[in-house]
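Note that the coordinates shown come from a computational prediction; the quantities given were computed from them, not determined experimentally.
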Amino acid sequence: KERDHPRSMLSLSRNPFMLFMITQVFTREKKLPENRGTLFERFVDFLLEKRESLDKESAKALKEGLAELGYKMQREGEGTSFSIEQVSNHLSEKQLYMAKSANLLTGQEKIRFSHQLLQEYHAAKRLDHEMQNKIPASHFFTPENWWQASGWEETAILLAGLYSKDTSPVMEWLRDAQPELTARCILESGAYTPNETIQALESRWQKRLTDLA
């Protein structure tokens, strides 16, 4: 079951970089995080603060720059790479060097994240900022075609994973703009959603499902 589940930790380990991430976090904490979102969060913290020995202020500034970069890349589409000039809008030369030293970014003329999921994780961190600043989810999932893929699906699922103890804030943000993705976050994020939140979604969605107008 774990092997065949597309979002399990085990499926991540097929990729050598992801396997390295899992083993580093497990070696440090003696257990695996609850889901992919928290796995990436712990791994990035480990790389910057332990392996690269950055102080907390420098690590925080670099993570914020990477979140902006991942967000802008995500808006450009899957598998995006940016020029040095584009990256310089978000990271200083020193920060770019540190991110490449930590193997978070790679490339010379064209810069990209070492793995697509790392890009989406950093975009999720920036998406969290948008959510907390009351930017509606309909900004990313437009009402006229909400059921069509927008490219933000994996990012939203990783965002739900960052709320591993209670996904309710993400569910409430997504529920009207993208009900299908809200359900996927509950099922696939690996994070906990309280029964009260699920019941509130049920009563809200039943009206939509039965309203033919």
Side-chain angles (χ1 to χ4, degrees), residues 2 5-12 18 21-22 24-26 28-29 31-49 56 59-60 62-75 104 113 115-141 146 149-205:
E2 278 298 299
H5 193 290
R7 296 184 186 279
S8 72
M9 293 287 186
L10 195 59
S11 68
L12 276 183
M18 295 289 120
M21 178 191 301
I22 291 169
Q24 292 304 306
V25 172
F26 183 83
R28 184 181 175 191
E29 302 190 4
K31 63 178 183 178
L32 285 178
E34 299 85 353
N35 57 69
R36 293 181 175 201
T38 50
L39 173 69
F40 288 123
E41 190 168 49
R42 306 272 172 78
F43 181 62
V44 171
D45 286 346
F46 158 74
L47 285 179
L48 298 183
E49 295 175 17
K56 288 192 177 296
K60 180 184 177 185
L62 179 51
K63 284 187 281 189
E64 288 173 351
L66 288 169
E68 290 287 342
L69 181 63
Y71 180 81
K72 289 294 173 62
M73 285 184 168
Q74 193 67 17
R75 293 191 75 88
L104 292 172
F113 281 88
H115 193 281
Q116 177 66 22
L117 282 173
L118 270 177
Q119 175 184 317
E120 289 170 338
Y121 159 74
H122 283 95
K125 296 290 285 186
R126 181 64 173 77
L127 194 61
D128 186 26
H129 180 75
E130 299 286 84
M131 182 183 76
Q132 292 187 41
N133 280 291
K134 311 299 183 185
I135 302 299
S138 57
H139 183 73
F140 304 92
F141 308 98
W146 66 265
S150 68
W152 290 96
E153 289 74 20
E154 185 65 43
T155 307
I157 293 170
L158 286 169
L159 171 60
L162 294 174
Y163 286 78
S164 60
K165 303 302 181 186
D166 184 354
T167 66
S168 298
V170 183
M171 302 303 100
E172 291 168 8
W173 184 63
L174 276 175
R175 65 186 182 188
D176 294 327
Q178 231 297 7
E180 181 183 5
L181 181 57
T182 307
R184 286 185 61 195
C185 286
I186 295 170
L187 294 170
E188 300 177 17
S189 69
Y192 174 70
T193 304
N195 285 332
E196 309 85 75
T197 300
I198 295 174
Q199 289 167 3
L201 291 173
E202 182 181 358
S203 60
R204 193 179 189 91
W205 287 348

If the threshold is 4.0 Å, N to carboxylate O, is there a salt bridge linking Lys63 and Glu49? yes
N-O pairing of Glu180 and Arg184 below 4.0 Å: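 No salt bridge links Glu180 with Arg184.
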Could you pull out the closest heavy-atom pair between [X] and [Y], with the gap in Å?
X: Ser164; Y: Ala191; answer: CA-CB, 3.6 Å
X: Pro179; Y: Ala177; answer: CD-C, 3.8 Å
X: Ala156; Y: Leu174; answer: CB-CD1, 4.3 Å
X: Gln178; Y: Trp146; answer: NE2-O, 3.0 Å
X: Phe40; Y: Met18; answer: CE2-SD, 3.8 Å

Would you find a donor on one side and an acceptor on the other, under 3.5 Å apart, between the side chain of [X] and the backbone of [Y]?
X: Ser189; Y: Ile186; answer: no
X: Glu153; Y: Gly151; answer: yes
X: Asp166; Y: Ser168; answer: yes

Reference residue Lys125; test salt bridge (Lys or Arg N to Asp or Glu O under 4.0 Å); the match among Glu120, Glu64, Glu41: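 With Lys125 as partner, salt bridge (Lys or Arg N to Asp or Glu O under 4.0 Å) holds for just one option, Glu41.
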Can you tell me how far apart [atom1] ([X]) and [atom2] ([Y]) are? Round to the nearest 0.5 Å.
X: Thr182; Y: Arg204; atom1: OG1; atom2: CZ; value: 10.5 Å
X: Thr38; Y: Tyr121; atom1: OG1; atom2: OH; value: 9.5 Å
X: Ile22; Y: Leu10; atom1: CD1; atom2: CG; value: 8.0 Å
X: Leu181; Y: Glu154; atom1: CG; atom2: CD; value: 9.5 Å
X: Leu162; Y: Asn35; atom1: CG; atom2: CG; value: 7.5 Å
X: Leu158; Y: Cys185; atom1: CG; atom2: SG; value: 9.0 Å

Determine whether [X] and [Y] make a side-chain contact, defined as any pair of heavy atoms from C-beta on separated by less than 4.5 Å.
X: Trp173; Y: Gln132; value: no
X: Leu12; Y: Leu117; value: yes
X: Val25; Y: Pro33; value: yes
X: Pro194; Y: Met171; value: no
X: Leu69; Y: Phe113; value: yes
X: Met131; Y: Leu127; value: no

Hey, what's the ring geometry for Phe140 with Trp152, parallel, tilted or perpendicular (30° and 60° as the breaks)?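 Rings of Phe140 and Trp152: perpendicular, as their planes differ by over 60°.
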Apply the test side chain to side chain donor-acceptor pair (under 3.5 Å) to residues Thr155 and Arg126: give CA-CA distance (whole Å), side-chain angles for both, the deciding distance (0.1 Å), then the verdict. CA-CA 10 Å; Thr155 307; Arg126 181 64 173 77; over 6 Å; no
Test Asp128 against Tyr163 for side-chain contact (heavy atoms from CB on, under 4.5 Å), laying out the working first. CA-CA 10 Å; Asp128 186 26; Tyr163 286 78; 2.6 Å; yes
Working note: His122 + Val44, criterion side-chain contact (heavy atoms from CB on, under 4.5 Å); need CA distance, chi angles, decisive distance, verdict. CA-CA 10 Å; His122 283 95; Val44 171; 4.1 Å; yes
Working note: Tyr71 + Glu130, criterion side-chain contact (heavy atoms from CB on, under 4.5 Å); need CA distance, chi angles, decisive distance, verdict. CA-CA 11 Å; Tyr71 180 81; Glu130 299 286 84; 3.2 Å; yes
For Leu62 and Leu104, what are the C-alpha separation, side-chain angles and deciding distance, and is it a side-chain contact (heavy atoms from CB on, under 4.5 Å)? CA-CA 11 Å; Leu62 179 51; Leu104 292 172; 5.6 Å; no
Does a side chain donor of either Thr197 or Arg175 reach within less than 3.5 Å of an acceptor in the other side chain?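 No.
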Please walk me through it: do Arg42 and Glu29 pass salt bridge (Lys or Arg N to Asp or Glu O under 4.0 Å)? CA-CA 9 Å; Arg42 306 272 172 78; Glu29 302 190 4; 3.0 Å; yes
